[in-house]
Number of protein chains: 2
Amino acid sequence: MPDGADKKPSRIQQRNRRRILDAALDVFSMHGYRGATLDQIAEAAGLSKPNILYYFDGKEEIHVTLLNQLMETWLEPLVTLDPDGDPLQEILSYVQRKLDMARDLPRESRLFAGEILQGAPRMAPHLQSGLQPLFEEKCAVIQSWMDQGSLTTVDPRHLIFSIWATTQHYADFAAQVQVLLRDDPNGHEGAAQYLEAMFTRLLRP
Amino acid sequence: MPDGADKKPSRIQQRNRRRILDAALDVFSMHGYRGATLDQIAEAAGLSKPNILYYFDGKEEIHVTLLNQLMETWLEPLVTLDPDGDPLQEILSYVQRKLDMARDLPRESRLFAGEILQGAPRMAPHLQSGLQPLFEEKCAVIQSWMDQGSLTTVDPRHLIFSIWATTQHYADFAAQVQVLLRDDPNGHEGAAQYLEAMFTRLLRP
DNA sequence: TCGTGTCTTTACCAAATGGTAAAAATTATC
DNA sequence: GATAATTTTTACCATTTGGTAAAGACACGA
């Protein structure tokens, strides 16, 4: 019985849990929590519905597990923002990493966006305990860079919001972007250049 | 029978349709299309479920009606971007209007975001026929401003994306913004100042 | 105030959905 | 290869949900 986090999971258990979570990421990110059904997840995972409930206690536990895993991945680029690096380069690298994530992990981006869009019912605790302290820490770093004259002074909080917004936009609003940029084979590179120019002109002293 | 768009709707009909659409906007924007139930909408509207189905053919028709109405409101700020105005002022006014909309119409913003997030299943036609031509038209206007040297040259398409992303972020990710800006009574004004600075530094020649 | 058309309620229904019990099959252990 | 443990399937179930039929209440002009 694959219950609490006791003991080591078997080979089969690891494989099937991974399959389920991958399928669930597909389905949840596409249809939202309530829009997703266990049957869809089961089919996408190639398992029967009761079999899925053998590995997870229920729909909600799958979703929460996904959200927990996501949180680490999601914060990692901000974690690696180096207080001792070159200020402008650090910010631009952060933008690049976030943009790459929007391209490489669009399902994760949409899962996160959907959760926040609906008021973060299952993630408010994580935002408080995980994101908030990190956010304030890095805001202070950026503020110190501005104080020492290495960057133009703007509100670091809104600066970070604008980085999140502009990068995640390409994943979360992909359906719209695709319609408007339809015959452009150069989408990602164009976005990268634009954002580099934007944040450079904003921040270079 | 309030069927096709024939004849003039009675007083009661107007009032109840408005109530239903307002309630539906609440519910759909909070829970997404599938997450919303007719019972929730009915309760929020103060009507019985069958009574709601007397005014609308079904859940989908309510959603589509909402989306259609939204489209006009949503595009209006872009429509009023004046080719004969002062370029930088026009862009900055557009940013302001979009930011005001995020503050004043957050339900509409989230309804739109949720629809796009899920691949725009019920709005792809509108994007093609309504948004796309307008987008290209205004991109051309901005491009001409850049060509004549009134604005710094950047890709107008990504410029517009970044305006949409940064302004709508405050409505769509309000749950997150609220956690991170929790004791700031000055949220909207701070965002307005930041965005004005950002787009000014980006675009001023 | 009577009758006709508009609106609302009551009582349902079929399908979908999250979930369970227990038997059957499979895998690992000795 | 027998046995114990794990994994999967079959057959269900209760609730929720979008939707309907038809009777009843109401409004309003003649």
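Everything numeric in this text was worked out from a predicted model, so none of it was measured. To find a chain, count down the sequence lines: A is the first, B the second, and so on, and within it residues start at 1.
Taking the centre and axis of the six-membered ring of B:Tyr170, the NZ or CZ atom of B:Arg103 falls outside the cone set by 45° and 6.0 Å. Both the sub-6.0 Å distance and the 45° axial angle are not jointly satisfied by A:Lys59 relative to the ring of A:Phe28.
Among all heavy-atom pairs drawn from A:Asp172 and A:Ser109, the shortest one is OD1-OG, 2.8 Å.
Heavy atoms of A:Ala36 sit under 4.0 angstrom from primed sugar atoms or phosphate atoms, though from no base atom.
In this structure, the CD1 atom of B:Ile62 is 11 Å from the C1' atom of D:dG18, given to the nearest Å. Per the geometry, CZ belonging to B:Phe56 stands 15 Å off C1' belonging to C:dC7, to the nearest Å. Distance CD (B:Glu61) to P (D:dG18): 15 Å, rounded to an integer number of Å. A straight line from CG of B:Asn16 to P of D:dA27 spans 13 Å, rounded to a whole angstrom. Residue A:Gln14 contributes atom CD, which lies 11 Å from atom P of D:dT7 at whole-angstrom precision. Rounded to whole angstrom, the span from the CG atom of A:Leu53 across to the P atom of D:dT9 amounts to 13 Å. Taking atom CD of B:Gln13 as the reference point, atom C1' of C:dG5 lies 12 Å away to the nearest angstrom. Put simply, NZ on B:Lys49 is 14 Å from P on C:dT10, counting in whole angstrom units.
OP1 or OP2 of C:dT17 has at least one side-chain nitrogen or oxygen of B:Arg34 nearer than 4.0 Å. Of the side-chain N and O atoms in B:Tyr54, none sit less than 4.0 angstrom from OP1 or OP2 of C:dT8. Between B:Ser48 and the phosphate of C:dT8, there is no side-chain N or O to OP1/OP2 separation shorter than 4.0 Å.
Donor-acceptor pairing under 3.5 Å, judged by distance alone, is absent between the side chain of A:Lys59 and the base of C:dG19.
Ion pairing between a basic and an acidic side chain is recognised when a charged N comes within 4.0 Å of a carboxylate O; B:Arg97 and B:Glu76 show no such pairing.
With 3.5 Å as the limit, one finds no donor-acceptor pair spanning the side chains of A:Thr65 and A:Arg17.
With the nearest nucleotide of DNA chain C identified for both A:Pro50 and A:Thr37, A:Thr37 has the one nearer the 5' end.
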